[in-house]
Number of protein chains: 2
Amino acid sequence: MPDVKHFDPDAVLEQVERLFWRRGAATTGIAEVVAATGLSRSSLYATYGGKQDLYVKALRRYVERRSEPMFRTLTDDGRGLPAIAAFFDALIEARCTGEYARWGCMAANAHAEPADPQVRDLLDRHHGMLRAALRAALETAGDRLRPGLDLDATAESLTLLAYGVNVRSRAGADATALRRGVTAALDALRFTAP
Amino acid sequence: MPDVKHFDPDAVLEQVERLFWRRGAATTGIAEVVAATGLSRSSLYATYGGKQDLYVKALRRYVERRSEPMFRTLTDDGRGLPAIAAFFDALIEARCTGEYARWGCMAANAHAEPADPQVRDLLDRHHGMLRAALRAALETAGDRLRPGLDLDATAESLTLLAYGVNVRSRAGADATALRRGVTAALDALRFTAP
DNA sequence: GCTATCTTGGAATGTTCATTCCAAGATAGC
DNA sequence: GCTATCTTGGAATGAACATTCCAAGATAGC
């Protein structure tokens, strides 16, 4: 008997995600969301709740549908260091060119705004999954790594490096400089025959 | 003949800097600035201009009076890798404990908000000076480094690492985990006798 | 096609915001 | 101590904001 929604909630959430990703949570008004989605305020509030709920849902979508697939690809790659290099290459490419150039990483960006507990959980999850993926890739690199390398600590250091790339790319950092930085970090991990 | 200001503009600017640093530009209202400084709106606007001017001045103060002294210390240290290790130790200590715990780096935080040109310049300057300081410290490390290391690229990679530390510390990252990550990155640069 | 029920558009609400304004106050030279 | 000039406190202004509300519209089962 009831009426049904006249739009696809996930497709709209993707538009909202992109808006918050590009412009930030605090500086984006509901009026902009209405303009970007074409939805009315009624539909927005009935479907997603208030602005903070909407932001959390958009950030969750970002982590689950954008970050985690990349992390899974890295985890499952199996090539070791080349997998990590490919991950960073793709990251820098996405951050510096094309549609999302200078948007940074929505999760990294979220660190700057005062942290709602739900947001904090998502950020810790983002960090934890990236770290785990890098750790898995390092394990498969095996004896191509410097002997005696602390894999957990190295995974953490590469995770921090990725956050650095994400942050600086939003300010328009040069892709070549970022790539050189990443290459230097990865080269330092490599085993070099005496 | 004229009246003179009833407050110290730089001391007040420091209070404002701390407010914007902790809470972010977009989420901080002029009312909060008034409350934190005890100044009236009149004095605020007459002395610093509008909110955006005030924010830029506060960010500039942060870069010049907080970041750059640290960078200079690093540049002038002369010990090489131990200087870099000390720099990161002090950074993590400041970011994770005491008065400024979980505030992150005001410059790193500023990356998340839509970038005013003046802000962008300050962020590039922040990045450039940190990179130059690390580069200088790497040079003095000399033959304690892996042979064939690209110093520019390595300086960039350590700069990105520092931004990663800054970002994650704002989400309450564990100081020990950060220290281990940094140690792993620095250990990978070290020359190890065959 | 009728109806109960949910959705939608857009106006309405009330709060919070940055900024402006002015009367009262303070200062330094005379 | 008088005055020209700047500063200050706090009210005033108007825009922007998130949220609510309701009449009109759309739907699916009968």
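So you know, we letter chains A, B, ... as the sequences are listed, proteins then strands, and number each from 1. Keep in mind that what you see is a predicted model, and the values were worked out from it rather than measured.
For the segment residues 47-56 of chain A, residues with any heavy atom less than 4.0 angstrom from an atom of DNA chain D are, sorted by number, A/Gly50, A/Lys51. Less than 4.0 Å separates DNA chain D from at least one heavy atom of each of the following residues of residues 20-45 of chain B: B/Ser40, B/Arg41, B/Ser42, B/Ser43. Contacts between residues 115-122 of chain A and DNA chain D, counted as heavy-atom distances below 4.0 Å, involve no residue at all.
Under a 3.5 Å cut-off, the side chain of B/Arg72 and the backbone N or O of B/Ser67 do not form any donor-acceptor pair.
Here salt bridge (Lys or Arg N to Asp or Glu O under 4.0 Å) pairs that include residues 73-93 of chain B, with residues two or more places apart or in two chains, are B/Asp77-B/Arg79, B/Glu93-B/Arg179. Annotation: salt bridge (Lys or Arg N to Asp or Glu O under 4.0 Å) contacts involving residues 101-121 of chain B, sequence neighbours excluded, comprise B/Arg120-B/Asp124. Sequence neighbours left out, not one pair with a member in residues 130-156 of chain A passes ring pair (Phe, Tyr, Trp, His ring centres under 6.0 Å). Residues in residues 25-54 of chain B take part in no ring pair (Phe, Tyr, Trp, His ring centres under 6.0 Å) pair, two or more places apart or across chains.
When the nucleotides C/dT8, D/dT8, C/dT27 are ranked by their closest atom to the side chain of B/Phe7, D/dT8 comes out on top.
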Indicate every side-chain donor-acceptor pair of residues 155-166 of chain B with a distance under 3.5 Å to a residue at least two apart or in another chain.
unit_1   : atom_1 : unit_2   : atom_2 : d
B/Glu156 : OE1    : B/His127 : NE2    : 3.2
B/Glu156 : OE1    : B/Arg131 : NE     : 2.7
B/Glu156 : OE2    : B/His127 : NE2    : 3.4
B/Ser157 : OG     : B/Thr154 : O      : 3.3
B/Thr159 : OG1    : B/Ala155 : O      : 2.7
B/Tyr163 : OH     : B/His126 : ND1    : 2.7
B/Tyr163 : OH     : B/His127 : N      : 3.3
B/Asn166 : OD1    : B/Arg95  : NE     : 2.7
B/Asn166 : ND2    : B/Ala162 : O      : 3.3

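Classified by interplanar angle (parallel below 30°, tilted 30° to 60°, perpendicular above 60°), the ring pair A/Tyr100/A/Trp21 is parallel.
Atom-to-atom distance recorded for A/Met70:CE and A/Cys105:SG is 11.5 Å, nearest 0.5 angstrom. Annotation: the span from B/Ile30 atom CD1 to B/Lys51 atom NZ amounts to 6.5 Å, rounded to 0.5 Å.
When the side-chain hydrogen bond (donor to acceptor under 3.5 Å, both in side chains) test is applied to B/Glu139, the partners found at least two apart in sequence or on another chain are B/Arg135. Remark: B/Ala110 engages B/Tyr55, B/Leu59, B/Val119, B/Leu123 in a side-chain contact (heavy atoms from CB on, under 4.5 Å) (not counting sequence neighbours). Judged as a side-chain contact (heavy atoms from CB on, under 4.5 Å), and not counting sequence neighbours, the contacts of A/Asp150 are A/Asp152, A/Ala153, B/Arg180.
Across the protein-nucleic acid pair, A/His6 atom NE2 and C/dC6 atom C1' stand 9 Å apart, rounded to whole Å. For B/Asp3 and C/dA26, the CG to P distance is 9 Å, given to the nearest whole Å.
Using a 4.0 Å cut-off between charged side-chain N and carboxylate O, B/Glu64 and B/Arg125 make a salt bridge.
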Discussion item. In dot-bracket form, 5' to 3', how is DNA chain D paired? Count Watson-Crick and G-U wobble pairs only if both distances fall under 3.5 Å, and write | where the partner sits on another strand.
Written reply: ||||||||||||||||||||||||||||||

